[in-house]
S.K.: 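Sharing a structure, written as structure tokens. Questions coming.
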Amino acid sequence: MRGILEESKISSRQAVFLMITTIFATVILSVPAITVKHARQDAWISIGLATAAGLLIARLVTTLGLRFPDRTIFEYPAEILGSWPGKLVGFLYIMWFLHINAGVIREYGEFLVTAFRPSTPLIVFNLVAVGIAAYTVRNGLEVFSRANEIFFPLIMGLIVITSILASRETDIHRLLPVADAEAISIFKGAIVPLAWFGEIVAIGLVIPYLNKPRESHHAAVTAVLVSGVVFMLVVSNAIAIFGPDLIDAMVFPGLNKYRIVNVANFLGRLEALAMTAWVTAGFVKISIFYWAAVLGISQVLELKDYRPLVLPVGGVLMALSILDHPSTIHLQHFVAQVFPFFALTFEAAIPLLLLIAALARGKGEKLG
């Protein structure tokens, strides 16, 4: 049976905005420091490679999804592999979305505590994030897609404008020499941002709810490409301001970049604007992955309505956001060392195996 969102429909533009927000909401926080640590001033090359690989993942996921245009990533594994093996894959994706979202919630809380409100308990921010997301999820995909459509230009506008203002502090020589890092270091620097670009796998949730499913490939490619280009500009801008050595020592280099802005001794310390953009994007991403989890549970268990699951799943997310990562150091280690391989397993490896199995067994069909 299909979930309560059966009647929801969103446009391709709304899907593009949702996917960009999904990718960009957290990649801009700690990933720049990790990439620069490996690739130094050549981090922009690493991001270019990650973007190219992300486009391949977008192609893979949409090719698979369009073979089953009326099914989500939780449903079509059962059609490909059989009932119980397919339900197991669907359950694994539910667990993946839960744990990834718990990490997003924790990173959201750590960011606000570390950068702005060190006297506020972490759990307060986590609870606020989950509470607002729960309300959003109960209203469904179409509602938070429309909300994101309103906020998206503001989010990206704030990021671009603050980056332009911060450019007054740049020194282009900090980006030189080009291609100075070893090839292996550049590839290592590409793995972590690739895991974020691979979150385009979420397009596999919304293909059945697109007004024009045939446009899902274009939507996914556009989202990865825009995210990659903007992220490359943001990281290059940060390197030109601080240099690779300082960025390597920072937890949130993007935030520090905005703190140094001073225009005519009037407009300065723009971190509040940066925080506004990130918090808004963070709420949207938490809502998307929250919705994915409750939708997945309802579809794997063949429930008629996911709304009764919203509050219980919110409690699970709260618990996981604290228990999955006992400390900030543990969270940073997870993001840098574990997350890329954990994420890419579900973003690329499993979809590839499913597509091979679908082709081998003649399951599904191309749309159009």
S.K.: Please tell me if the side chains of D324 and R106 come closer than 4.5 Å, counting only heavy atoms from C-beta onward.
M.R.: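 Result no, sub-4.5 Å side-chain heavy-atom pair not found.
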S.K.: Nearest 0.5 Å please: distance from the CE atom of M318 over to the CG atom of N126.
M.R.: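 These two atoms lie 5.5 Å from each other.
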S.K.: For V61 and E347, run side chain to side chain contact (heavy atoms under 4.5 Å, CB included): C-alpha distance rounded to whole Å, both residues' side-chain angles, the deciding distance at 0.1 Å, then the answer.
M.R.: CA-CA 8 Å; V61 174; E347 295 166 352; over 6 Å; no
S.K.: Can you confirm whether T72 sits close enough to I207 that some side-chain heavy atom of one is under 4.5 Å from a side-chain heavy atom of the other?
M.R.: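 With C-beta onward as the side chain, the pair stays apart.
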S.K.: The test is side chain to side chain contact (heavy atoms under 4.5 Å, CB included); show your working for I100 and F342 and say whether it passes.
M.R.: CA-CA 9 Å; I100 295 300; F342 177 53; 3.7 Å; yes
S.K.: Check whether more than 12 heavy atoms from other residues, nucleotides or ligands sit under 6.0 Å from atom CG of L176, and answer yes or no.
M.R.: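 Yes, because the 6.0 Å sphere around CG of L176 holds more than 12 heavy atoms from other groups.
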S.K.: For residues G204 and P208, report the shortest heavy-atom separation together with the two atoms involved.
M.R.: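 Taking G204 first and P208 second, the nearest heavy atoms are O-CD, 4.4 Å.
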S.K.: So, the side chain of S236 versus the backbone of L233: is there a donor-acceptor pair under 3.5 Å, distance only?
M.R.: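 Checked: no pair found.
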S.K.: Mark yes or no for whether S83, through its side chain, and A78, through its backbone, hold a donor-acceptor pair below 3.5 Å.
M.R.: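 Side chain of S83 to backbone of A78, a donor-acceptor pair under 3.5 Å: no, none is there.
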S.K.: What do you reckon, are the aromatic ring centroids of Y108 and F283 less than 6.0 Å apart?
M.R.: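 Yes, the ring of Y108 comes within the 6.0 Å limit of the ring of F283, centre to centre.
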S.K.: Can a donor-acceptor pair be found, under 3.5 Å and without considering hydrogens, that links the side chain of Q41 to the backbone of P244?
M.R.: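 No.
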S.K.: Just wondering, do L344 and I57 contact through their side chains at under 4.5 Å, heavy atoms?
M.R.: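 Sidechains of L344 and I57: in contact.
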S.K.: If you apply the rule side chain to side chain contact (heavy atoms under 4.5 Å, CB included), what do you find for E110 with L122, and how did you get there?
M.R.: CA-CA 7 Å; E110 294 284 0; L122 173 68; 3.9 Å; yes
S.K.: So how far is it from I23 CD1 to I28 CD1, rounded to the nearest 0.5 Å?
M.R.: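 Rounded to the nearest 0.5 Å, the CD1-CD1 separation comes to 13.0 Å.
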S.K.: Specify the closest pair of heavy atoms between F231 and P32, including all atoms of both residues, with the distance to one decimal.
M.R.: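 What the structure gives for the nearest pair is CE1-CG, 3.7 Å.
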S.K.: If two hydrophobic side chains count as joined below 4.5 Å and joins carry through other members, does L154 share a cluster with V284?
M.R.: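 Linked within one cluster.
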S.K.: Do L354 and P77 have side chains that get closer than 4.5 Å, going by heavy atoms?
M.R.: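 Yes. Closest side-chain heavy atoms under 4.5 Å.
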S.K.: So which heavy atom on I94 is nearest to which on I297, and how close?
M.R.: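 Looking at all heavy atoms of both residues, the closest pair is CD1-N, 3.5 Å.
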S.K.: Mind checking the OG-CZ spacing from S11 to F17? Nearest 0.5 Å is all I need.
M.R.: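 Between atom OG of S11 and atom CZ of F17 there are 8.0 Å.
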S.K.: I need the F151 CZ to R146 CZ distance, nearest 0.5 Å.
M.R.: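 One finds 14.5 Å between CZ of F151 and CZ of R146.
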S.K.: For salt bridge (Lys or Arg N to Asp or Glu O under 4.0 Å), just list the numbers for K87 and E302, CA-CA rounded to whole Å, side-chain angles, deciding distance to a tenth of an Å, and then say yes or no.
M.R.: CA-CA 10 Å; K87 285 183 180 293; E302 299 185 352; 3.6 Å; yes
S.K.: What pair of heavy atoms forms the shortest contact from V16 to A223, and how long is it?
M.R.: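 Residues V16 and A223, closest heavy atoms: O-CB, 4.0 Å.
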S.K.: May I ask you to check whether T22 and E199 show a side-chain donor-acceptor distance below 3.5 Å?
M.R.: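 The criterion, which ignores hydrogens and geometry beyond distance, is not satisfied for E199 and T22.
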S.K.: Decide if atom CZ of F334 counts as having more than 12 heavy atoms of other residues, nucleotides or ligands within a radius under 6.0 Å.
M.R.: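 Correct, the count exceeds 12.
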S.K.: Should D245 and R40 count as side-chain neighbours, where that means a heavy-atom distance under 4.5 Å?
M.R.: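 Side-chain contact under 4.5 Å: yes.
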S.K.: What class does the angle between the rings of Y93 and F97 fall in, given that below 30° is parallel, 30 to 60° is tilted and above 60° is perpendicular?
M.R.: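 Answer is tilted, since the angle falls between 30° and 60°.
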S.K.: For the side chain of Y306 and the backbone of V137, is there at least one donor-acceptor N/O pair under 3.5 Å apart?
M.R.: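 Indeed, once roles are kept as given, a pair shorter than 3.5 Å links the two residues.
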S.K.: Measure the CD1-CD1 distance between I20 and I200 for me, rounded to the nearest 0.5 Å.
M.R.: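 The CD1 atom of I200 is 8.5 Å from CD1 of I20, to the nearest 0.5 Å.
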S.K.: Show the nearest heavy-atom pair for residues L49 and A190, with the distance to one decimal.
M.R.: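 Closest pair (atom of L49, atom of A190, distance): CB-CB, 4.2 Å.
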S.K.: Take the angle between the ring planes of H330 and H325 and call it parallel below 30°, perpendicular above 60°, tilted in between.
M.R.: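 The arrangement is tilted - the two ring planes meet at 30° to 60°.
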S.K.: Checking E215 against S12: is there a side-chain donor and acceptor pair closer than 3.5 Å?
M.R.: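 Per modelled atom types, S12 and E215 side chains form a pair under 3.5 Å.
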S.K.: If Ile, Leu, Val, Met, Phe, Trp and Tyr residues are connected whenever their side-chain heavy atoms lie under 4.5 Å apart, and connections chain through other members, are I191 and L60 in the same group?
M.R.: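 Looking at the clustering, L60 is in a separate group from I191.
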S.K.: Determine whether L311 and L301 fall in the same hydrophobic cluster, where Ile, Leu, Val, Met, Phe, Trp and Tyr are linked whenever their side-chain heavy atoms lie under 4.5 Å apart.
M.R.: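 L311 and L301: separate clusters.
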S.K.: Heavy atoms only: give me the nearest E107-S30 pair and the separation to one decimal.
M.R.: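 So the minimum-distance heavy-atom pair works out to OE2-OG, 3.1 Å.
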S.K.: Evaluate the criterion side chain to side chain contact (heavy atoms under 4.5 Å, CB included) for residue pair L317 and F289; output intermediate values, then yes/no.
M.R.: CA-CA 11 Å; L317 286 172; F289 280 26; over 6 Å; no
S.K.: Do V128 and V130 share a hydrophobic cluster, counting only Ile, Leu, Val, Met, Phe, Trp and Tyr and linking them when any side-chain heavy atoms are less than 4.5 Å apart?
M.R.: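 The answer is yes; both residues are in one hydrophobic cluster.
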S.K.: Can you find a pair of side-chain heavy atoms, one from H217 and one from R59, that are under 4.5 Å apart?
M.R.: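 Side-chain contact under 4.5 Å: yes.
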S.K.: So, the side chain of Y209 versus the backbone of I10: is there a donor-acceptor pair under 3.5 Å, distance only?
M.R.: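 No.
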S.K.: Is W44 close to V178 at the side-chain level, that is, under 4.5 Å between some pair of heavy atoms?
M.R.: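 V178 reaches W44 side chain to side chain.
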S.K.: Measuring only between side-chain heavy atoms, which start at C-beta, is L309 closer than 4.5 Å to S298?
M.R.: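 L309 reaches S298 side chain to side chain.
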S.K.: What is the distance from atom CH2 of W96 to atom CG of L98, rounded to the nearest 0.5 Å?
M.R.: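 W96 CH2 to L98 CG: 11.5 Å, rounded to 0.5 Å.
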S.K.: Does L56 have more than 12 heavy atoms from other residues, nucleotides or ligands lying within 6.0 Å of its CG?
M.R.: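 For L56, atom CG is crowded (more than 12 foreign heavy atoms under 6.0 Å).
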S.K.: With N148, which of T280, T21, T136 fulfils side-chain hydrogen bond (donor to acceptor under 3.5 Å, both in side chains)?
M.R.: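 The option that passes is T21.
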S.K.: Quick check: is I132 connected to V113 through a chain of hydrophobic side chains (ILVMFWY, heavy atoms under 4.5 Å apart)?
M.R.: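 Shared cluster, yes.
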S.K.: Should the pair W291 and F144 be assigned to parallel (<30°), tilted (30 to 60°) or perpendicular (>60°) ring geometry?
M.R.: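 Perpendicular: the ring planes of W291 and F144 meet at over 60°.
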S.K.: Just wondering, more than 12 heavy atoms not from R174 lying within 6.0 Å of its CZ?
M.R.: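 Result for CZ/R174: enclosed.
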